[in-house]
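Step one of this worksheet: look at the structure below.
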Amino acid sequence: MSREPLRSRGSYADWTPVATRFLDNDSYGHVNNTVYYTWFDTVVNAWLIDVGLIDPDGGQLIGLVVETGCRYAKSLSFPQTVEIGMAVEKVGNSSVTFQLGVFASGDNSAAAEGYFTHVYVDRQTRRPTMLPDHWRMAFAALEQGGR
C-alpha cells in the first residue's frame, strides 16, 4: 500500500521539544501510540495559552476536539527527546485544524504526523462561536503553504 509521504520540517511554523518518559514505552519497547495524542494536546494548548487565546481558568471560549488522527513512520522510545512541529492547516468560522509533526531530535524526517481539529465554543452554552479577529491573526502566523 502506498501513501503520501509525511511532511518535512519546513512545513511547521512553531516547535516544542518534548522529553520522552520511561512510562511512555509500551511492552514492544517503543512509545505507545496514545502518547502521541497527549503530546499533540499539550503542544496545541500550551501554544494557545502562551499567545493569550485561551484561559483555562475562566476564558469565554474553549476548544473542543472534534476530530484527530495520526500516521506513524518510525518508532521512538525512551530516552529520546522529540521535537513537535505545529502549523495551522485550516481556519473555519469556529474551528481550526492544527497539523503536528513528531521528529526525533535532530532528525529531518518525521516519525509521525497528526492533526487536531478544535471547534471553539462558549464556555457556558457549549455552542460554536465565531473566531475573533485577533484569534485569526494568531492562527495566520502558523499557517503553512502545503508540503
Side-chain angles (χ1 to χ4, degrees), residues 1-121 123 129 131-147:
M1 177 172 102
S2 71
R3 65 181 188 167
E4 197 170 331
L6 302 187
R7 289 171 171 80
S8 68
R9 278 187 175 268
S11 298
Y12 301 100
D14 192 75
W15 290 90
T16 302
V18 175
T20 58
R21 305 167 304 168
F22 181 71
L23 65 86
D24 292 339
N25 283 3
D26 61 19
S27 61
Y28 303 114
H30 64 264
V31 172
N32 188 273
N33 61 328
T34 61
V35 174
Y36 291 76
Y37 289 95
T38 64
W39 291 341
F40 297 162
D41 203 25
T42 298
V43 167
V44 167
N45 282 290
W47 181 85
L48 291 164
I49 292 166
D50 286 347
V51 299
L53 297 185
I54 63 169
D55 174 2
D57 295 325
Q60 180 182 347
L61 295 182
I62 59 172
L64 302 179
V65 175
V66 296
E67 187 175 348
T68 187
C70 188
R71 298 188 308 151
Y72 305 93
K74 297 179 188 178
S75 292
L76 298 170
S77 62
F78 174 84
Q80 268 185 299
T81 299
V82 298
E83 298 163 340
I84 312 290
M86 184 172 68
V88 166
E89 182 78 17
K90 180 182 176 192
V91 178
N93 290 325
S94 61
S95 65
V96 177
T97 299
F98 297 93
Q99 199 67 42
L100 299 125
V102 180
F103 294 78
S105 185
D107 197 342
N108 287 322
S109 58
E113 75 175 17
Y115 69 94
F116 252 39
T117 301
H118 279 180
V119 170
Y120 292 93
V121 302
R123 181 183 291 272
T129 302
L131 294 170
D133 288 341
H134 71 282
W135 283 51
R136 291 178 180 286
M137 288 173 47
F139 293 137
L142 291 181
E143 287 182 314
Q144 293 292 296
R147 293 179 184 265

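- Legend: residues meeting side chain to side chain contact (heavy atoms under 4.5 Å, CB included) with Glu67, ordered by chain and number and at least two apart, are Tyr115, Thr117.
- Rounding to the nearest 0.5 angstrom, the gap separating the OH atom in Tyr12 from the CD1 atom in Ile84 is 9.5 Å.
- Between the CH2 atom in Trp47 and the CG atom in Leu142 there is a gap of 4.5 Å [rounded to 0.5 Å].
- Note on residues 50-69: no pairs pass ring pair (Phe, Tyr, Trp, His ring centres under 6.0 Å), not counting sequence neighbours.
- Here the CD-CD distance, from Glu89 to Glu143, works out to 9.5 Å after rounding to the nearest 0.5 Å.
- The salt bridge (charged side-chain N to carboxylate O under 4.0 Å, His left out) analysis of residues 24-52, with sequence neighbours excluded, yields the pairs Arg21-Asp24.
- Between Asn25 and Ser77, the shortest heavy-atom distance links the atoms OD1-CA, 3.5 Å.
- Residues Ala73 and Ala110 come closest through the heavy atom pair CB-O, 3.7 Å.
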Next on the checklist: Using the rule given for side chain to side chain contact (heavy atoms under 4.5 Å, CB included), can you reason through Trp39 versus Val31, listing the C-alpha separation, both sets of side-chain angles and the distance that settles it, and then say yes or no?
Outcome noted: CA-CA 11 Å; Trp39 291 341; Val31 172; 3.9 Å; yes
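- Minimum heavy-atom separation, Ala13 to Ala141: CB-O, 3.9 Å.
- With contacts defined as side-chain heavy-atom distances shorter than 4.5 Å, the pair Phe40/Cys70 qualifies.
- Partners of Arg9 under the salt bridge (Lys or Arg N to Asp or Glu O under 4.0 Å) rule, at least two apart in sequence or in another chain, are Glu83.
- Considering Val35, Leu6, Leu76 as possible partners of Val102, the one that fulfils the side-chain contact (heavy atoms from CB on, under 4.5 Å) test is Leu76.
- For the atom pair OG1 of Thr68 and OH of Tyr37, the computed distance is 5.0 Å after rounding to the nearest 0.5 Å.
- Proximity of Trp135 to Leu61: side-chain heavy atoms (C-beta onward) are separated by under 4.5 Å at one or more points.
- We find the CZ-OG distance between Phe103 and Ser8 to be 6.5 Å, quoted to the nearest 0.5 Å.
- For residues 55-79, the ring pair (Phe, Tyr, Trp, His ring centres under 6.0 Å) pairs, not counting sequence neighbours, are Phe22-Phe78, Tyr36-Tyr72.
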Next on the checklist: Assess the residue pair Val119 and Ser95 against the criterion (side chain to side chain contact (heavy atoms under 4.5 Å, CB included)); give the C-alpha distance rounded to whole Å, side-chain angles, the decisive distance to 0.1 Å, and a yes or no.
Outcome noted: CA-CA 4 Å; Val119 170; Ser95 65; 4.0 Å; yes
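- Using bins of under 30°, 30° to 60° and over 60° for the plane-to-plane angle, the ring pair Tyr120/His118 lands in the perpendicular bin.
- No donor-acceptor pair under 3.5 Å is formed between the side chain of Arg7 and the backbone N or O of Gln99.
- In this structure, Phe139 and Leu131 have side chains that are in contact, with non-hydrogen atoms separated by less than 4.5 Å.
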Item to check | Test log, rule side chain to side chain contact (heavy atoms under 4.5 Å, CB included), inputs Thr16 and Met86 | outcome: CA-CA 8 Å; Thr16 302; Met86 184 172 68; over 6 Å; no
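- Rounding to the nearest 0.5 Å gives a distance of 4.5 Å between CD of Glu113 and CZ of Arg71.
- Sorted by first and then second residue, the salt bridge (charged side-chain N to carboxylate O under 4.0 Å, His left out) pairs with a member in residues 96-111 read Lys74-Asp107; sequence neighbours excluded.
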